[in-house]
Amino acid sequence: MNAPFSPNAMTAFAHPDDPAEAGQLLHIAVLALPGFSHLALHAYIEPLRIANALAKEPLFRWQVVGMDSQAVIGANGLSISVDATIEALNALGSERAGPNQLVIVAGEPVERQSTPDLNGFLRTIARRGVAISAIGTATWLLAQAGLLADSRCTIHWSRLAAFSEVFRKPRIRDSLFVKDGQYSTCAGELAAFDLAVDLVATHAGAFIAQEVCRHATVAGQRSGSNRQTGPSGIAFTGVSESLIAAIRIMEENIEFPISMIELSGRVGVSRRQLERLFATCLGVPPAKHYLKLRIDHARRLIEGTRLPMVDIAFASGFVSASHFSKCFRAIHRISPQQLRLTVPAWVGRGIG
């Protein structure tokens with residue numbers, strides 16, 4: 001449901017004559033912010049549409065909400081019209097009159113989307129007890145508004161490092177989606193489909209959820225606990241499980257790197273076997289791959305936070321800023337300081 005905006009849009013969530021109103025129909029407000037991902041938006045909405053069609057009754061109703069009544073432009077340059085504004089939703093005054101759920105689809109640069117108006121709106125909706133789902137970078141906005149506290153959450157993998165440094169209290173996870181009480185957070189993009197299917201399963205049952213996946217030619221419902229991506233550097237299937245395990249361990253030990261001897265022991269192979277695996281599959285020694293993982297982590301912190309360079313060096317497993325700078329330049333052909341000069345001043349704003 002996506003009707004043109006009108007001054008009466010604030011009443012659009014109340015349908016007293018709808019036969020499915022009494023506990024059957026779930027009303028969802030989808031807040032789209034400038035730069036949003038169309039892939040994430042439609043990956044979330046389409047499973048709901050398919051569920052309605054399969055059930056042959058209205059299980060879900062959604063409307064697109066904007067900060068104002070203007071069309072919202074996505075990251076790909078295409079715009080969508082809005083059905084209501086955050087001001088209209090605020091005016092509803094109660095959970096009963098408003099949506100059952102608020103879904104936020106944000107984009108980049110997410111820091112610039114955090115405004116007093118948006119923070120106030122999110123806090124008001126939260127106080128009303130409305131379930132809130134953040135898709136992709138929108139998790140940043142919930143944390144910025146102070147709503148996540150010590151909640152478990154996730155965010156798109158490209159923002160994991162920056163988020164964990166800027167916001168200390170939320171317990172970030174590298175997962176497709178995380179549900180913790182009133183809040184659900186999602187990695188975005190195609191993981192939005194998984195979050196929506198989980199909602200379908202909860203609201204309409206496992207059978208409808210499975211049929212939604214089948215209709216969408218998806219192999220099956222993915223668990224939210226699944227990791228967002230495969231190990232860095234692995235772009236094909238059929239590789240050694242020992243290699244995958246080794247890279248996972250590297251990724252989980254960035255700030256405090258472990259030795260190659262300890263790594264091979266934890267994987268259950270000899271150091272020479274480990275070196276052969278990396279040489280055969282990746283064409284580099286394990287130590288070099290490990291170093292690149294740490295440098296890539298540092299780059300995400302430089303681009304996504306305002307942390308001092310020495311703190312970024314330590315967070316990436318380097319004992320000195322000078323050694324970090326030397327290694328960084330060797331890989332990226334630019335110094336960390338030069339890269340920081342290209343990052344806008346508003347990047348990485350947070351509440352700690």
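All of these numbers come straight from a predicted model, not from anything done at the bench.
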message: Looking at Q182 and A126, would you say the former's side chain and the latter's main chain have a donor-acceptor pair under 3.5 Å?
response: yes

message: Could you check whether any side-chain heavy atom of L199 comes within less than 4.5 Å of a side-chain heavy atom of Q101, counting everything from C-beta outward?
response: yes

field: Pair S259-E262, side-chain donor/acceptor within less than 3.5 Å
entry: no

field: I254, CD1 atom: more than 12 neighbouring heavy atoms under 6.0 Å
entry: yes

statement: Heavy atoms of A201 and Q221 approach each other most closely as CB-NE2, 4.2 Å

- request: For the pair H332 (side chain) and I334 (backbone), establish whether a donor and an acceptor sit closer than 3.5 Å, ignoring hydrogens and angles.
  value: no

task: Would you kindly confirm whether W157 and L39 end up in one hydrophobic cluster when ILVMFWY residues are joined by side chain heavy atoms under 4.5 Å apart?
output: no

task: Could you tell me whether the side chain of E189 and the main chain of A191 form a donor-acceptor pair under 3.5 Å?
output: no

- prompt: After noting the C-alpha distance and the side-chain angles of F60 and N52, does the key distance pass the side chain to side chain contact (heavy atoms under 4.5 Å, CB included) rule?
  reply: CA-CA 7 Å; F60 304 95; N52 284 349; 3.7 Å; yes

task: State yes or no: do I249 and I261 share one hydrophobic cluster built from I, L, V, M, F, W and Y residues joined by side-chain heavy-atom distances below 4.5 Å, directly or via other members?
output: no

- line: When rounded to the nearest 0.5 Å, the distance separating CD1 of I50 from CD1 of I45 is 12.0 Å

Where I302 and R340 come nearest, the two heavy atoms and their spacing: O-NE, 3.5 Å

message: Assess the residue pair S79 and V72 against the criterion (side chain to side chain contact (heavy atoms under 4.5 Å, CB included)); give the C-alpha distance rounded to whole Å, side-chain angles, the decisive distance to 0.1 Å, and a yes or no.
response: CA-CA 5 Å; S79 63; V72 186; over 6 Å; no

message: Tell me which pairs pass ring-ring contact (aromatic ring centres under 6.0 Å, His included) where either residue lies in residues 251-288, with sequence neighbours left out.
response: F278-H289

- prompt: Is it the case that one hydrophobic cluster holds both L147 and V178, taking links as side-chain heavy atoms less than 4.5 Å apart, direct or via other members?
  reply: no

Test item: W62 and R49 side chains (from C-beta on) under 4.5 Å apart, heavy atoms: yes

task: For the pair Q63 (side chain) and I28 (backbone), establish whether a donor and an acceptor sit closer than 3.5 Å, ignoring hydrogens and angles.
output: no

task: Report yes if the side chains of L31 and L118 come closer than 4.5 Å at any heavy-atom pair, otherwise no.
output: yes

- prompt: Is the side chain of R123 donor-acceptor paired with the backbone N or O of A145 at a distance under 3.5 Å, no angle test?
  reply: yes

task: Answer yes or no: is there a side-chain heavy-atom contact under 4.5 Å between L25 and L59?
output: no

field: Spacing of I155 atom CD1 and D174 atom CG [to the nearest 0.5 Å]
entry: 12.0 Å

Donor-acceptor contact present, side-chain T85 to main-chain A88, <3.5 Å: yes

- prompt: When the ring centroid of F314 is compared with that of F318, is the distance short of 6.0 Å?
  reply: no

query: In Å and rounded to the nearest 0.5 Å, what is the CG to OG1 distance from L102 to T124?
result: 11.5 Å

statement: Output for pair (R248 CZ, E252 CD), nearest 0.5 Å, gives 7.5 Å

message: Tell me whether R272 is salt-bridged to E275, with the criterion being a basic N under 4.0 Å from an acidic carboxylate O.
response: no

Side chain proximity check, K179 to D198, heavy atoms < 4.5 angstrom: yes

query: Which distance, rounded to the nearest 0.5 Å, do you find between the CG of L160 and the OG of S175?
result: 9.0 Å

message: Once side-chain hydrogen bond (donor to acceptor under 3.5 Å, both in side chains) is applied, what residue pairs with a partner in residues 322-331 remain, sequence neighbours excluded?
response: S320-S322

message: Donor-acceptor check, side chain of D180 to backbone of S151, threshold 3.5 angstrom: yes or no?
response: no

- line: To the nearest 0.5 Å, atom CG of L293 lies from atom CD1 of I247 at 7.5 Å

Heavy-atom donor-acceptor pair, T154 side chain to A187 backbone, under 3.5 Å: no

task: Heavy atoms only: give me the nearest A162-G304 pair and the separation to one decimal.
output: CB-O, 3.6 Å

- request: Could you give me the CA-CA distance, side-chain angles and deciding distance for W140 and F167, then say whether ring-ring contact (aromatic ring centres under 6.0 Å, His included) is met?
  value: CA-CA 9 Å; W140 193 285; F167 302 102; 5.0 Å; yes

message: Is there a path of hydrophobic side-chain contacts, each under 4.5 Å between heavy atoms, that joins M309 and I331?
response: yes

message: I'd like to know if E303 and R300 make a salt bridge, using a cut-off of under 4.0 Å between side-chain N and carboxylate O.
response: no

query: Quick one: do D296 and K292 make a salt bridge, cutoff under 4.0 Å?
result: yes

query: Stepwise, does the side chain to side chain contact (heavy atoms under 4.5 Å, CB included) test hold for I132 with I125?
result: CA-CA 8 Å; I132 301 177; I125 293 295; 4.0 Å; yes

task: Please report the shortest heavy-atom distance between S316 and L301, naming the atom on each side.
output: OG-CD1, 4.4 Å

message: Could you check whether any side-chain heavy atom of L243 comes within less than 4.5 Å of a side-chain heavy atom of V267, counting everything from C-beta outward?
response: no

field: Hydrophobic cluster identity match, I73 and L141, side-chain contacts under 4.5 Å
entry: no

task: Go through the steps to decide whether C213 and V197 satisfy the test side chain to side chain contact (heavy atoms under 4.5 Å, CB included), and finish with yes or no.
output: CA-CA 8 Å; C213 291; V197 170; 3.9 Å; yes

message: Take a 6.0 Å sphere around CZ of R171 and say whether it holds more than 12 heavy atoms from other residues, nucleotides or ligands.
response: yes

query: Does the N253 side chain pair with the main chain of I258, one donor and one acceptor, at a distance under 3.5 Å?
result: no

query: What is the minimum heavy-atom distance between V110 and T137, and which atoms define it?
result: CG2-O, 3.4 Å

query: Does I312 reach the side chain of P336, with side-chain heavy atoms less than 4.5 Å apart?
result: no

query: For S264 and Q273, does a side-chain donor sit closer than 3.5 Å to a side-chain acceptor?
result: no

Residue pairs fulfilling ring-ring contact (aromatic ring centres under 6.0 Å, His included) with at least one residue in residues 174-199, sequence neighbours excluded: none

- request: Assess the pair H38 and F36: is the distance between their ring centroids shorter than 6.0 Å?
  value: yes

- prompt: Mind checking whether S184 and L195 have side chains closer than 4.5 Å, heavy atoms only?
  reply: yes

message: Quick one: does any side-chain atom of N226 pair with a main-chain N or O of L176 as donor and acceptor, under 3.5 Å?
response: no

Carboxylate-amine/guanidinium contact E111 R159, below 4.0 Å: yes

query: Minimum heavy-atom separation for V82 to S69, with atom names?
result: CG2-O, 3.7 Å

